[in-house]
Amino acid sequence: MIILLESYQSGDEMMKDEIYHRAFGVYGIYYRQEQGLLVISKTSGPYANRLDLPGGSMAEGEGLDDTLRREFLEETGMQLINYQQLGITSFRYPWTFETFTMNNHIAVFNLVQQVHGNVAEKVREFPGQDSKGALFVKLADITPENSSPLVLKAKKFIQNNEFDFADTILREWQVL
């Protein structure tokens, strides 16, 4: 199934009467020409069984930096040394979860420039852990069928060297 990505247009009536779940997360884009994009194997949520960016939700009392550092370490086994915020955007798509019919995923993207440690292909399990581990993937192997919309946005950033701030609406979304 091909998923059509569209930029948000003001006044879109498609999703007006839906019940939205709001998710907010902080994510890192770590790319190395010879290795590819660092991604995680997602185990739960709307991106289950897909490639996703390392990152996630803020814990109580955490700031954006704290969240990115913690999530990156938990999901990849690597410590962040140097990174910079690229921007914030959102992704809206159909997702049946509890009483919700739609998801509004707000994401803060960061460009990771330097890390310490090695990629953990398998990570520690604990309640709330949604990563099986991390791996590098070549851009040519990243597709709408195997990746979250965040990974697709990261791929576009890497290819164009420009962050696309436009909100994204997915008219269809399939949890695998």
Side-chain angles (χ1 to χ4, degrees), residues 7-8 19-32 35-48 50-93 95 97-98 100 102-137 142 147-158 160-170 173 175:
S7 294
Y8 173 74
I19 302 169
Y20 283 87
H21 172 266
R22 184 177 301 125
F24 180 88
V26 185
Y27 301 90
I29 298 172
Y30 184 57
Y31 177 72
R32 293 294 165 257
Q35 296 170 295
L37 177 65
L38 182 67
V39 296
I40 63 166
S41 298
K42 198 74 163 186
T43 61
S44 62
Y47 310 141
R50 292 181 189 266
L51 304 174
D52 198 16
L53 290 179
S57 300
M58 298 172 81
E60 193 68 34
E62 272 187 331
L64 296 174
D65 290 330
D66 298 328
T67 301
L68 183 59
R69 289 178 183 282
R70 176 184 53 78
E71 287 280 351
F72 210 88
L73 181 60
E74 288 174 355
E75 294 182 343
T76 71
M78 297 190 301
Q79 293 180 324
L80 289 176
I81 304 298
N82 192 15
Y83 59 93
Q84 69 180 33
Q85 190 179 111
L86 292 172
I88 302 170
T89 191
S90 71
F91 305 88
R92 290 180 285 163
Y93 50 85
W95 182 43
F97 173 67
E98 296 176 352
F100 304 101
M102 297 292 293
N103 197 34
N104 184 9
H105 187 175
I106 303 162
V108 179
F109 284 80
N110 294 270
L111 178 60
V112 176
Q113 296 147 330
Q114 186 179 6
V115 297
H116 176 72
N118 297 315
V119 175
E121 293 179 13
K122 185 172 178 165
V123 292
R124 182 176 62 90
E125 291 185 36
F126 56 86
Q129 174 65 288
D130 59 358
S131 170
K132 282 192 260 185
L135 66 152
F136 282 98
V137 176
I142 294 171
S147 300
S148 74
L150 284 77
V151 170
L152 298 174
K153 176 94 55 176
K155 177 181 177 179
K156 185 176 178 181
F157 164 75
I158 294 162
N160 299 330
N161 201 29
E162 184 177 342
F163 185 74
D164 178 8
F165 293 93
D167 294 335
T168 302
I169 294 174
L170 305 176
W173 182 253
V175 177

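All heavy atoms count here, side chains included; hydrogens, waters and symmetry mates do not. For this chain, numbers begin at 1 and follow the sequence in order. Computed from a predicted structure; not experimentally measured.
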Output field: ring centroids Tyr20/His105 closer than 6.0 Å: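 Not close enough - the centres of the two rings lie 6.0 Å or further apart.
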is_close_aromatic(Phe165, Phe163), centroid dist under 6.0 Å: yes
Do [X] side-chain atoms and [Y] backbone N/O form a donor-acceptor pair below 3.5 Å?
| X | Y | answer |
| --- | --- | --- |
| Lys153 | Asp164 | yes |
| Thr89 | Ala166 | yes |
| Gln79 | Val115 | no |
| Lys155 | Ile142 | yes |
| Glu98 | Phe100 | no |
| Glu71 | Val26 | no |
| Glu62 | Ala59 | yes |

Value rounded to 0.5 Å, distance of [atom1] in [X] from [atom2] in [Y]:
| X | Y | atom1 | atom2 | value |
| --- | --- | --- | --- | --- |
| Trp95 | Asn104 | CH2 | CG | 12.0 Å |
| Asn82 | Gln113 | CG | CD | 4.5 Å |
| Ser41 | Asp130 | OG | CG | 11.0 Å |
| Glu125 | Glu74 | CD | CD | 13.0 Å |
| Asn110 | Asp65 | CG | CG | 7.5 Å |
| Tyr27 | Glu75 | OH | CD | 8.0 Å |

Quick one: closest heavy-atom pair of [X] and [Y], and the distance?
| X | Y | answer |
| --- | --- | --- |
| Ala134 | Leu38 | CB-CD1, 3.9 Å |
| Phe136 | Gly36 | CD2-O, 3.4 Å |
| Pro149 | Leu170 | CG-CD1, 3.9 Å |

Pi-cation contact, Trp173 with Arg50 (under 6.0 Å, within 45°): yes
Contact between [X] and [Y] at the side-chain level, heavy atoms closer than 4.5 Å - yes or no?
| X | Y | answer |
| --- | --- | --- |
| Asp66 | Met58 | no |
| Phe72 | Tyr30 | yes |
| Ile169 | Phe91 | no |
| Leu53 | Phe109 | yes |
| Ser131 | Thr43 | no |
| Ile106 | Arg22 | yes |
| Leu37 | Val137 | no |
| Ser147 | Leu51 | yes |

Pairing residues for Glu121 by the salt bridge (charged side-chain N to carboxylate O under 4.0 Å, His left out) criterion, not counting sequence neighbours: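 Glu121 satisfies salt bridge (charged side-chain N to carboxylate O under 4.0 Å, His left out) with no other residue.
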Flag if over 12 foreign heavy atoms under 6.0 Å of CD, Glu162: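 Check fails, neighbour count at 12 or below.
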Asn118, CG atom: more than 12 neighbouring heavy atoms under 6.0 Å: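 Atom CG in Asn118 is not packed in, count stays at 12 or less.
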Worked verdict on Leu86 versus Ile29 for side-chain contact (heavy atoms from CB on, under 4.5 Å): CA-CA 10 Å; Leu86 292 172; Ile29 298 172; 3.9 Å; yes
No-hydrogen, no-angle side-chain donor-acceptor test under 3.5 Å, Tyr93 and Asn103: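 There is such a pair between these side chains.
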Intermediate values then yes/no, side-chain contact (heavy atoms from CB on, under 4.5 Å), Val108 and Gln85: CA-CA 7 Å; Val108 179; Gln85 190 179 111; 3.6 Å; yes
Verdict with reasoning, Asp52 to Leu150, per side-chain contact (heavy atoms from CB on, under 4.5 Å): CA-CA 7 Å; Asp52 198 16; Leu150 284 77; 4.0 Å; yes
Evaluation steps, side-chain contact (heavy atoms from CB on, under 4.5 Å), between Val119 and Met78: CA-CA 6 Å; Val119 175; Met78 297 190 301; 3.9 Å; yes
Salt bridge present between Arg92 and Asp167 (N-O < 4.0 angstrom): no
